[in-house]
There are 2 protein chains.
Amino acid sequence: MAHDNIDLSTLTRNELLVFEALKESDSPMKAYDVLDVLKSHGVRAPMTVYRALEGLEEKGIVHKLDALNAFVLCSHDRPHQVQSFLVCSECGMVQEISPELREAPQVEDKILGVVRATGFQMREARLEMKGICQKCTGKQSAHNTAAE
Amino acid sequence: MAHDNIDLSTLTRNELLVFEALKESDSPMKAYDVLDVLKSHGVRAPMTVYRALEGLEEKGIVHKLDALNAFVLCSHDRPHQVQSFLVCSECGMVQEISPELREAPQVEDKILGVVRATGFQMREARLEMKGICQKCTGKQSAHNTAAE
DNA sequence: TTTACTGGATTATGATATAACATTGATATA
DNA sequence: TATATCAATGTTATATCATAATCCAGTAAA
């Protein structure tokens with residue numbers, strides 16, 4: 001679990017609270033869901049949560065999934081320029097593709113190559129892939145309902 | 001201009017209005033910006049705009065930029081599974097990377113390869129790259145301010 | 001003419017996010 | 001010690017983005 005490597009001493013109190021909340025969750029959390037959790041710690045205002053999330057993002061500890069307006073802990077050791085997520089339209093599962101995967105660096109390289117060719121200085125990128133995860137694919141072929 | 005190839009006859013009245021509004025704009029538009037434009041055509045409610053945008057997205061004519069909550073016309077002829085955008089943090093410029101670029105298909109192939117390996121059935125994907133565009137890079141190196 | 005369907009209008013509200021300003025507490029330093 | 005400073009936090013209000021729910025109008029098929 002990559003989260004064990006994070007230096008928690010650099011986090012502010014609120015950042016730590018948000019970090020813990022995200023760590024407990026097995027799926028991405030909306031800001032207001034985080035707020036609900038933190039209410040038991042005396043946090044009352046959305047601002048508090050958004051500020052902490054922003055700090056965690058800057059530290060590379062949290063990623064925002066723009067397509068879902070939700071936040072997840074980064075599951076990898078080193079900072080990476082390209083974050084890639086699989087999002088299941090069926091069950092909502094979100095999985096960050098590990099940059100350590102054998103082919104993943106090739107994807108990142110290809111992207112960086114294409115982008116450089118355009119004269120663009122990329123700072124970070126997010127790839128959000130929507131589809132049906134392995135689990136739900138099985139279910140779907142059984143009874144052909146639901147989905148989108 | 002790829003927009004000339006679109007079969008406008010399949011669009012509803014409101015979809016056509018939204019399409020025209022986006023076509024006039026040289027940058028992505030927020031839904032409420034579109035609404036402002038359409039007010040002169042009697043459109044009053046956000047719902048109308050969002051419905052039309054949804055229709056256009058389904059037809060592959062419009063993409064949503066989740067990171068900006070904004071919408072752009074697709075600038076390409078054929079539907080494509082992976083949409084890639086450069087977003088300048090400095091000036092707000094947004095450019096869709098053409099899937100016809102020499103290396104672009106390789107990126108898409110690499111992505112599809114990695115994803116297939118995970119058993120995920122990808123339906124569509126969006127790659128949003130944030131950074132500094134060529135124009136702004138020049139400005140920046142001159143006086144080293146701003147950004148972020 | 002009924003029925004069913006698609007698109008559209010309207011009203012209200014929900015969900016997401018930030019602006020602006022006040023307060024606190026720690027640290028530095030005059 | 002007094003006080004200046006700064007980062008973090010708290011608080012209030014409001015802006016922005018998006019959808020639910022319901023009704024209506026046109027039209028094409030039975």
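Computed from a predicted model, the values in this text were never measured in an experiment. Chain identifiers are assigned alphabetically (A, B, ...) following the order of the sequence lines, protein sequences preceding nucleic acid strands; residue numbering begins at 1 within each chain.
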Any donor-acceptor pair under 3.5 Å from [X] side chain to [Y] backbone:
| X | Y | result |
| --- | --- | --- |
| A:R116 | A:I111 | no |
| A:Q95 | A:L86 | no |
| B:E15 | B:T12 | yes |
| A:Q121 | B:I132 | no |
| A:S25 | A:L22 | no |

Ionic contact status for B:K59 with B:E57, cut-off 4.0 Å
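A salt bridge is absent here (no side-chain N lies under 4.0 Å from a carboxylate O).
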Run the salt-bridge test on A:E128 and A:K130 with the 4.0 Å N-O cut-off and return the result as yes or no.
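Salt bridge: no.
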According to a strict under-4.0 Å criterion, is B:Y50 in side-chain N/O contact with OP1 or OP2 of D:dT19?
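For D:dT19, neither OP1 nor OP2 has a side-chain N or O of B:Y50 closer than 4.0 Å.
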So, is B:K30 near the phosphate of D:dT16, with a side-chain N or O under 4.0 Å from OP1 or OP2?
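The answer is no; no side-chain N or O of B:K30 sits under 4.0 Å from OP1 or OP2.
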Near DNA chain C, counting only heavy atoms under 4.0 Å, which residues of residues 61-69 of chain A show up?
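Residues of residues 61-69 of chain A under 4.0 Å from DNA chain C: A:K64, A:N69.
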Any B:P28 side-chain heavy atom under 4.5 Å of B:F71 side chain:
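No, side chains not in contact.
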Per-nucleotide protein contact string for nucleotides 4-11 of chain C (B base, S sugar-phosphate only, - none; heavy atom under 4.0 Å)
---SSBBB
Give a yes or no on whether a donor-acceptor pair under 3.5 Å exists between the nucleobase atoms of D:dA18, that is its base, and the side chain of B:Y32.
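Under the 3.5 Å cut-off, the side chain and the base do form a donor-acceptor pair.
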For atom [atom1] of [X] and atom [atom2] of [N], their distance in whole Å:
| X | N | atom1 | atom2 | result |
| --- | --- | --- | --- | --- |
| B:D36 | D:dC17 | CG | C1' | 14 Å |
| A:E54 | D:dT9 | CD | P | 12 Å |
| A:L38 | D:dG10 | CG | C1' | 14 Å |
| A:L35 | D:dT9 | CG | C1' | 14 Å |

How long is the straight-line distance from CG of B:L65 back to CG of A:D66, given to the nearest 0.5 Å?
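Going from CG on A:D66 over to CG on B:L65, the span is 10.0 Å.
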For C:dT29, which nucleotide in any strand shown is its Watson-Crick or wobble partner with both distances under 3.5 Å?
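Across any shown strand, C:dT29 pairs with D:dA2.
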